[in-house]
Number of protein chains: 2
Amino acid sequence: MTTTRQDLSELLERSGVRATPRRLEVLEELARESDDVTAQQLWSRLRERDSRAGLATVYRTLALLSEKGVIDVLSHHGGEQCYRLCGDAHHHHLLCEKCHRVVEIQECGLDDWVAAAANEHGFVATEHRVEIVGLCADCR
Amino acid sequence: MTTTRQDLSELLERSGVRATPRRLEVLEELARESDDVTAQQLWSRLRERDSRAGLATVYRTLALLSEKGVIDVLSHHGGEQCYRLCGDAHHHHLLCEKCHRVVEIQECGLDDWVAAAANEHGFVATEHRVEIVGLCADCR
DNA sequence: ATGGTAATGAGAACCGTTATCGTTCTCGGT
DNA sequence: ACCGAGAACGATAACGGTTCTCATTACCAT
Ligand SMILES: [Mn+2]
Ligand SMILES: [Mn+2]
Ligand SMILES: [Zn+2]
Ligand SMILES: [Zn+2]
């Protein structure tokens, strides 16, 4: 992960989010994680790094970032939301049901299938979500 | 909906769930709903029908029924789970983002696409979830 | 410096869900 | 029909993740 603090600061500004020290700490921690994390996991990792960030701020920042499309939200744990810094393009996720690894599927080629399925029932599709659950190379 | 109480009772037994009066009430209410409902919605509708069912029993029954594969669980509302009596076959859902209507998409033809996407990253897919969000015929 | 706005931290409140526990129901064996 | 064991149930407390409140602090333009 070669993402420098400067890059992250620019990412925030570009997304219409003011780059405050706290928000940079949160985003920096997200960039450090390879898999997705819950708000509380993220908060305790920040604490281990001697950040004084409050839990409410972590929640506020994650809500803001997902609203602005900077991060993805996954709901594959029961009730608990997971957050992940992802690529910009539309994509979906592969989830390992054993080790919880998350991998991005670039190139969602489903637009035609989605449009057809929606049209068949008189719908116009505006969005679609796909999650594939399985076992990763290490776990099977 | 021509589903009689007798049908529902047999559905329960066939699924390995003892058909008690309370469970039949819950299942009967699910069969009455065209869209999905939350546990609390279901509970208050039972109350309106002079059922003395407790909220805990509603939650217990919904958990049991989804565990046995009798009903589907959708998580498209924030955190709150929705339940729906669906067909037996593997399928996905169309959701209207305005009126929250839910329609089943029969025939998920995605197995090949899913297997290929998983294989490309060394995964073996065991399950997949697809939700299409859009506007239904009435709402657009 | 000064005033105004946005962000933050601590902790209370909220709310959907689950656990607890005493009571009631169910059903097979008698 | 009666009985006893185990399952189901209802009321309510507890739980846990998230959001709200509010007093304080940081930031920024004047
Ligand atoms: Mn992603
Ligand atoms: Mn369904
Ligand atoms: Zn794995
Ligand atoms: Zn609609």
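Only this structure's heavy atoms are used, side chains among them; waters, hydrogens and symmetry mates stay out. Letters A, B, ... are given to chains in the order of the sequence lines, protein chains preceding strands, and every chain is numbered from 1.
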If I take atom [atom1] in residue [X] and atom [atom2] in nucleotide [N], what distance separates them, rounded to the nearest angstrom?
X	N	atom1	atom2	result
A:Leu74	D:dG17	CG	P	17 Å
A:Glu25	C:dA7	CD	P	16 Å
B:Arg47	D:dC9	CZ	C1'	12 Å
A:Arg52	D:dA26	CZ	C1'	13 Å
A:Gln81	D:dT19	CD	C1'	13 Å
A:Leu55	D:dG16	CG	P	15 Å
A:Trp43	D:dT19	CH2	P	16 Å

Check your understanding: Can the ring centroids of A:His92 and A:His128 be said to lie less than 6.0 angstrom from one another?
Key ->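 Yes; A:His128 has its ring centre under 6.0 Å from that of A:His92.
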Minimum-distance nucleotide (side-chain atoms of [X] versus [options]):
X	options	result
B:Pro21	D:dA11, C:dA10, C:dT26	C:dT26
A:Gln40	D:dG17, D:dC9, C:dG16	D:dG17
A:Thr20	D:dT19, C:dT17, C:dT8	C:dT8
B:Arg22	D:dG10, C:dA10, D:dT18	D:dG10
B:Glu80	D:dT18, D:dA8, C:dG16	C:dG16
B:Ala53	C:dT17, C:dT8, D:dG10	D:dG10
A:Arg60	D:dC9, D:dT18, C:dT8	C:dT8
A:Thr57	C:dG9, D:dC9, C:dT17	C:dG9

Identify every side-chain donor-acceptor pair in residues 55-66 of chain A under 3.5 Å, counting partners at least two apart or on other chains, and give the distances.
from: A:Thr57; atom 1: OG1; to: A:Arg60; atom 2: NH2; distance (Å): 3.4
from: A:Tyr59; atom 1: OH; to: A:Gln40; atom 2: NE2; distance (Å): 3.3
from: A:Thr61; atom 1: OG1; to: A:Thr57; atom 2: O; distance (Å): 2.8
from: A:Ser66; atom 1: OG; to: A:Leu62; atom 2: O; distance (Å): 3.3
from: A:Ser66; atom 1: OG; to: A:Ala63; atom 2: O; distance (Å): 3.1

Practice item. Hey, which sits more toward the 5' end of DNA chain D by its nearest nucleotide, B:Arg23 or A:Tyr83? Key: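 Its nearest nucleotide being more 5', the pick is B:Arg23.
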Exercise for review: Mark yes or no for whether A:Arg47, through its side chain, and A:Ala53, through its backbone, hold a donor-acceptor pair below 3.5 Å.
Suggested key: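 Confirmed, A:Arg47 side chain pairs with A:Ala53 backbone.
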Check your understanding: Judged by atom type as modelled, is there a donor-acceptor pair below 3.5 Å linking the side chain of B:Thr4 to the main-chain atoms of B:Asp7?
Key ->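 No; zero donor-acceptor contacts below 3.5 Å.
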Review point. Hey, does A:Ala63 reach any base, or is it just sugar-phosphate, or nothing, if we go heavy atoms under 4.0 Å?
Key: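 Answer is nothing: A:Ala63 stays at 4.0 Å or more from every strand.
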Point to revise | Approximate separation, where rounding is to 0.5 Å, of A:Cys139 SG and A:His100 NE2 | key: 9.5 Å
Point to revise | Nearest-nucleotide 5' precedence on DNA chain C, A:Arg18 against B:Cys82 | key: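 Looking at the nearest nucleotide for each, A:Arg18 comes out on the 5' side.
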Check your understanding: Can you find a side chain N or O atom of B:Tyr59 that sits less than 4.0 Å from OP1 or OP2 on C:dT18?
Key ->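 The answer is no; no side-chain N or O of B:Tyr59 sits under 4.0 Å from OP1 or OP2.
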